[in-house]
Structure formats: structure tokens, C-alpha cells
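One-based numbering, in listed order, for ligands and for the atoms of each. Here the structure is a predicted model, which means the values were calculated and not measured. Counting begins at 1 with the first residue of the sequence.
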Amino acid sequence: MSGREPQRGGGRVALVELTGAEDMVAELRRLQDEWGPVAPVDLEPGVPGWLVLGHAEVMEVMRTESVFARDPRHWKERLPLDSTLHAILSPAGRRALYYADGADHRRLRLPMDEAFASLDEAQTAALVRGVCAGLIDAFATQGEADLIGEYAAAVSFLAVSGMFGFDERQGIALLRCAHGVFGHGGDAVAALAAMDQIVLDQVLATRAAPGNNLTARLVEHPSFENDTEIVHSMVVAICAANEMLVTWIAATLRRMLTDPRYTGRITGVRRGLDDALDETLWSEPPVANLPARYAVTDCTLGKVRIQAGDAIVMGVAAANNDPRVRTDDDTFEASNRSHLSFGVGPHACPARRPGRLVVKIAVESLMERLDLRLADPEVTWAPSPWSRYPAVLPVRFTPERQSARTPVRA
Ligand code: HEM
């Protein structure tokens, strides 16, 4: 066991340096060589935590909620007021599955599982196709677009808010609030309050006139004790979906546009979209560093001593690239499902199927309609400690003749 522990200001690597590194996997291997399967990092400069790098150790954390809890009240850290980590890591007073453990988590999770199980896939696919077509209409005549700002971000939000029964105007309002909540400008507290209000209005409207959507399933569920729990659960689901979907869409598009196995330039046998989706889940997981669990008690993980109250981030990108579970053969790995990109254990993603549906339709709709070419092979990664995705994805294509709509921009 190593006696070394994360020291404040001790020259630890910050998560955002890992997600922004030119070769993230090489950086993760370097950390693993130095520390073994668990390494000290900064969640943001000056805020210490542990990054779990080994596949077995990430699974242990995800599955052992009695030791590694989700409830942020176990965290000993007091964040500075202006910390960008508040929205995700220390959301005071939120009552949702994401922040709960044990029986409380199971009570709050059940309605979400049942709601997703009842989702009509044909209806959802039609909704997503409509969202994608509308967004493509808005830039199809221009011959160029940024597929992050003008497409992926809006598809993700409008598709998921649509599943909850929001119309496009409400979806765009929610998207703007989410930008504020996650520190992309403006007052995060006011943005969260505005988001809660839009969602509460939808809960009340749905109760008066239930439709066939996720909100209708949630408002009728006996597990919830009050509307605050429903609102907070909806907000967390809409936000949890967003960055994951944007990242998965962006990474799959880049793969389809640059990898010769998909462009068909070298073998003459093009691999398909489903292969690209699976390879991306393995190699570029939508959430590279998954926040967070908090140690309930002193314990040992990998070779390090963890103290009660420490924050633990699950290194999904590192775990997926752990040589103990991964070969270098992408073709083989496409059918190997032991990646951790959807999580495992009690908090594993309840929306794998709809998530995949959204990403598949988003990529398909674009590729079927426009002859996309990347306008710039260089990538600038968005500054996120959790995900690695391009800040912009500029493409060119043969413009279509008619414009139908004005652009939606986050
Ligand atoms: C329709 C889109 C999606 C929705 C509505 C959604 C919703 C959620 C919710 C509500 C949770 C919290 C579960 C809990 O705490 O019990 C969650 C967890 C999670 N989701 Fe999703 N999700 C979506 C898409 C995705 C995608 C595309 C990915 C990545 C491929 C993903 C990966 C995850 C992961 C890794 C967790 C786990 C977290 C953990 O163990 O802490 N999700 N998701």
C-alpha cells in the first residue's frame, strides 16, 4: 500500500489536463505506471480527489455503494463559492436518484426505470428524426456548419426534452438554462431556478392533461413523495443525458468522417454505423471521467489509502483501455460489451436504448442527407474535466437549395 496521499497544491494533474491532452490514453497510462490503478488528481485546481484507472477497481467503486456513496453530503471538501464543480458535485438540497443511495435511491430510481421501459421506440424515433431534420434544414443551404453548436448540442437537448413531452420552445429554453447551470456564462443559481420552474410547469400541465411521454409516467408514479422530487429527477435526467449524447454524437461523426474503414477508402468494405457507435463507446467513452462517489469510511483501493470523505472519480476512459480487458483489435472489441461507458451497479444508466437511438438517428440523418467533409482536421477539446469532445466540429458539404428554418444555437 502507498503511504502517499493527495496533498493540497501538490502538483497533481487536473482532470481537465487529461481530457484536453493530445494523447489522453498515453497520459492515463503514465498515471497508471506511476500510481497503479488509483491516482491522486485535482478535480479542478486545488480540489483534490482520486481517479480510478483500473477496470476492476472502477467496477468495485460503482458496485459498492455502502463504501463509495453518491450522496455529496459525505464529501469533506468545502468548495469555493465560484467553483465550477458545484452544479455537478455539490448540489445543495437536490432530491433525485442521482444524489441518493440505498433504499432512497431505489425508491427514486424505480419511476425512472419504469418510465424508460414504457417509452414507445417508434414514437421516439419519429420524434428524434423530426428534431434532426429541422436542425439540418437550418444550415443545409449554407454549405458549412459547426456540428457541435448547430447540431449535436441541440439534438441532444431537444430529443430528450421531447421524450419528456416538452415542445421545441420549452426545449430551447431548457437548453439555455442548462448552459447557465454548467458554468458557460451567467448566474448558475438563477439558471437552475429557471430550469426547475419550466419543469414544474410541465409537471402541473401533464397532471391536468396526461399525454404519452416520460413526464406522464413520472407524475402518476406512487414512489415520489412530492413534486420537488419529480422536478429534480427530471432536471437531472435531462442534464445527465446532454453531455453524454453530444460527446457520443461528435465522436461517432468524427470516426465516420476520418477513419478509412468507415469512409471505405482502403478496404472497399465499409464498416457500418453500429460498429462506429460501439467502437466509440470503447475508445472514446462519452464520459471519460465519471463524477463522483465519496468514501463513507477509510479504506484501501488499488494501492492507495482512501480516507472517509474523499472524492473518487471513475476513470471510464482509463478502465475501457485497461489492457486486462481490452485488446488492440477494434473489430473484436465491437462485440465485447464489458466497457463501462454506461456504468454498472445501482446507478448504471437507465436510458441506454433511447440514448443509442438518439445518437444513431442523429448521425444517420446527417450522413444520409449531406456529403460531409471535415473542414479542419485539427481538434480543440472543450474544457471539461469529465468529457473529451471537440469544442467545434466544422464541416463543409454541397449546399441544398432551400432554407426552411432559422438556426437553433445553444
Ligand atoms: C436519453 C438519454 C439519456 C438519459 C435520459 C440518461 C439518464 C441518466 C440518468 C437519470 C442517470 C442517473 C441514474 C442513477 O443515478 O440511478 C444516468 C446515469 C448514467 N448515464 Fe445516462 N442517460 C442518457 C444517455 C446516456 C448516454 C448516451 C450515456 C453514455 C454512453 C450515458 C451514460 C451514463 C452513465 C455512465 C451513468 C452512470 C453513472 C454512475 O454510475 O454514476 N447516459 N443516465
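Counting heavy atoms of neighbouring residues, nucleotides and ligands inside a 6.0 Å radius, atom CD of Glu121 exceeds 12 of them.
Nearest non-hydrogen protein atom to atom 2 (C) of ligand 1 is Ala241 CB, 3.5 Å. Among protein heavy atoms, the minimum distance from atom 12 (C) of ligand 1 is reached at Tyr98 CD1, 3.8 Å.
Among Phe116, Phe164, Trp248, Phe342, the residue whose heavy atom sits closest to atom 5 (C) of ligand 1 is Phe116. Of the candidates Met163, His347, Arg356, Met112, His347 brings a heavy atom nearest to atom 15 (O) of ligand 1. For atom 35 (C) of ligand 1, the nearest non-hydrogen atom from the set Ala240, Ser341, Cys349 comes from Ser341. Of the candidates Ala115, Pro350, Ala159, Ala351, the one placing a heavy atom closest to atom 9 (C) of ligand 1 is Pro350. Across the listed options Met244, Arg353, Arg293, Met244 owns the non-hydrogen atom lying nearest to atom 32 (C) of ligand 1.
Judged by a 6.0 Å distance limit and a 45° cone about the ring axis, Arg353 is not positioned over the six-membered ring of Phe116.
The existence of a salt bridge linking Arg107 and Glu229 is confirmed by a sub-4.0 Å separation between a basic side-chain nitrogen and an acidic carboxylate oxygen.
In terms of N/O distances under 3.5 Å, ligand 1 is approached by His105.
Within the 4.0 Å heavy-atom cutoff, Val358 does not count among the residues contacting ligand 1. For Leu281, the closest heavy-atom approach to ligand 1 falls below 4.0 Å.
Counting heavy atoms closer than 4.0 Å to ligand 1, residue Pro286 contributes side-chain atoms (C-beta onward) but none from N, CA, C or O. Only the side chain of Arg70 comes within 4.0 Å of ligand 1, counting heavy atoms alone; its backbone N, CA, C and O stay farther away.
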